[in-house]
Amino acid sequence: NLRYSNTLSSGHAWMLESGYSPAELIPYVYPDVEQFDDANIQIIYLGWFLGDWSLLNNAAYACPSGLRIRDAHPSNTGDLYGISNLDEDWHNMNQMIKYLKFGFGKVTEYVNEELRSGTMKRSEAIELVEQYDGQCSDEYIESFCAFIDIGTEEFWTHVRQSLNLDLFDLHADGSVKRKFKVGVGL
């Protein structure tokens, strides 16, 4: 349920304390239950009702209607098809951090959907995950760091602090190496 997602549930007090007005935060504030009830609004996940819904089918429908996909290579984004989270570049960085914390990123999500639908072979999925999951170019990281006014080394210090050491090794030079073999032990 979106209402209780970790992005929204933490509140926005810190943004108010940073000088943003309540009016500026309206796009980031999820309506409470009473507001939904008063407006007679119900959110429905349509994917369940659309038997052939998938990320790829959704993109195939949207592109002829004007959706422009990202043309960056998966080695820069960790996004195989460039069809998700097109409204901003930093989501790719978020997926990289998720990968370093949990051992899976956007590529794992893509290939899991394709494996379940029977459109991809397991061997191909493993190869793609090993090659691209958790990838994010320095360009996106540097852009984010400039936006929040920190250096990239400070960024990496924070990322390394949340690194899952059960899944990854952190070497003295700061590089991170996966301890697990994709697709093994499952």
Side-chain angles (χ1 to χ4, degrees), residues 2 5-8 24 27-28 43 45-160 162-164 167-168 173-178 180-183:
L2 290 175
S5 71
N6 64 0
T7 302
L8 299 171
E24 291 173 300
Y28 306 100
I43 294 177
Y45 175 66
L46 292 177
W48 187 86
F49 294 99
L50 305 172
D52 67 344
W53 188 94
S54 70
L55 290 169
L56 293 176
N57 286 346
N58 189 43
Y61 172 79
C63 287
S65 299
L67 178 73
R68 286 182 281 157
I69 64 173
R70 188 182 304 273
D71 62 1
H73 193 271
S75 61
N76 292 321
T77 62
D79 184 339
L80 293 177
Y81 308 114
I83 59 174
S84 63
N85 304 299
L86 299 174
D87 56 342
E88 53 93 4
D89 290 334
W90 299 333
H91 178 78
N92 303 312
M93 185 182 57
N94 175 279
Q95 290 294 311
M96 175 197 68
I97 295 168
K98 179 177 82 174
Y99 173 76
L100 295 172
K101 288 177 77 173
F102 302 113
F104 71 95
K106 183 52 110 182
V107 177
T108 297
E109 292 176 10
Y110 277 138
V111 302
N112 277 324
E113 184 175 298
E114 291 193 54
L115 286 168
R116 287 190 302 273
S117 70
T119 59
M120 182 178 286
K121 292 182 180 179
R122 182 174 166 78
S123 59
E124 180 185 3
I126 289 170
E127 183 178 323
L128 289 168
V129 169
E130 286 180 338
Q131 190 168 10
Y132 298 120
D133 219 5
Q135 297 295 311
C136 182
S137 76
D138 291 340
E139 172 189 350
Y140 298 122
I141 295 167
E142 290 165 2
S143 167
F144 175 74
C145 290
F147 183 77
I148 65 170
D149 197 26
I150 66 168
T152 55
E153 191 50 47
E154 182 178 352
F155 167 83
W156 283 110
T157 297
H158 290 286
V159 170
R160 288 181 190 115
S162 63
L163 180 68
N164 186 334
L167 301 175
F168 298 94
D173 66 357
S175 64
V176 175
K177 300 292 182 219
R178 184 179 66 232
F180 59 93
K181 177 89 171 116
V182 175

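Remember, it's a predicted structure, so these values are computed and weren't measured experimentally.
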Subject >> Set of residues satisfying side-chain hydrogen bond (donor to acceptor under 3.5 Å, both in side chains) with respect to Tyr110, sequence neighbours excluded >> reply: Asp79, Ser84

Subject >> Interatomic distance, Ile97 atom CD1 to Cys136 atom SG [nearest 0.5 angstrom] >> reply: 8.0 Å

Subject >> Contact list for residues 99-113, test salt bridge (Lys or Arg N to Asp or Glu O under 4.0 Å), sequence neighbours left out >> reply: Lys98-Glu109, Lys106-Glu109

**OP:** Could you tell me which residues satisfy ring-ring contact (aromatic ring centres under 6.0 Å, His included) with Phe168, sequence neighbours excluded, listed by chain and number?
**Re:** Tyr99, Phe180

Subject >> Residues forming a side-chain contact (heavy atoms from CB on, under 4.5 Å) with Glu24, sequence neighbours excluded >> reply: Tyr20, Ser21

**OP:** For Asp173, enumerate each residue passing the side-chain hydrogen bond (donor to acceptor under 3.5 Å, both in side chains) test, keeping only those at least two apart in sequence or located in another chain.
**Re:** Ser175

Subject >> Contacts of Lys181 that satisfy side-chain hydrogen bond (donor to acceptor under 3.5 Å, both in side chains) - sequence neighbours left out >> reply: Glu130

Original post:
Considering all heavy atoms of both residues, which atom of Leu163 and which atom of Val176 are nearest to each other, and what is their separation?
Top reply: CD1-CG1, 3.8 Å

Subject >> Nearest non-hydrogen partners of Pro64 and Ala59, listed with the distance >> reply: CD-O, 4.3 Å

**OP:** Hey, could you give me the CG/CG distance between Asn58 and Leu56, rounded to the nearest 0.5 Å?
**Re:** 9.5 Å

Subject >> NZ/NE/NH1/NH2 to OD/OE distance under 4.0 Å, Glu153 and Arg160 >> reply: yes

**OP:** Could you list the residues that satisfy side-chain contact (heavy atoms from CB on, under 4.5 Å) with Ala72, not counting sequence neighbours?
**Re:** Arg70, Thr77, Tyr140

Original post:
Do Tyr81 and Leu55 come close enough that some side-chain heavy atom pair is under 4.5 Å?
Top reply: no

Original post:
Do Met96 and Asn92 come within less than 4.5 Å of each other through their side chains, counting heavy atoms only?
Top reply: no

Original post:
Got a donor-acceptor contact below 3.5 angstrom from the Asp133 side chain to the Val107 backbone?
Top reply: yes

Subject >> Heavy-atom check, side chain of Val111 versus side chain of Leu80, under 4.5 Å >> reply: yes

**OP:** Output all residues satisfying side-chain hydrogen bond (donor to acceptor under 3.5 Å, both in side chains) with Arg178, sequence neighbours left out; order by chain, then residue number.
**Re:** none

Subject >> Between CZ on residue Phe102 and CG on residue Leu167, distance to nearest 0.5 Å >> reply: 10.0 Å

Original post:
From Asp89 CG over to Asn94 CG, what is the distance, rounded to the nearest 0.5 angstrom?
Top reply: 13.0 Å

Original post:
Which pair of heavy atoms, one from Met120 and one from Leu115, lies closest together, and at what distance?
Top reply: O-CD2, 3.4 Å

Original post:
Atom OG1 of Thr119 and atom CD of Glu114: how far apart are they, to the nearest 0.5 Å?
Top reply: 4.0 Å

Original post:
For residues 114-138, which residue pairs qualify under ring-ring contact (aromatic ring centres under 6.0 Å, His included), counting only residues two or more places apart or in two chains?
Top reply: His73-Tyr132

In residues 143-152, what donor-acceptor pairs under 3.5 Å come from side-chain atoms, sequence neighbours left out?
unit_1: Ser143; atom_1: OG; unit_2: Trp90; atom_2: NE1; d: 3.2

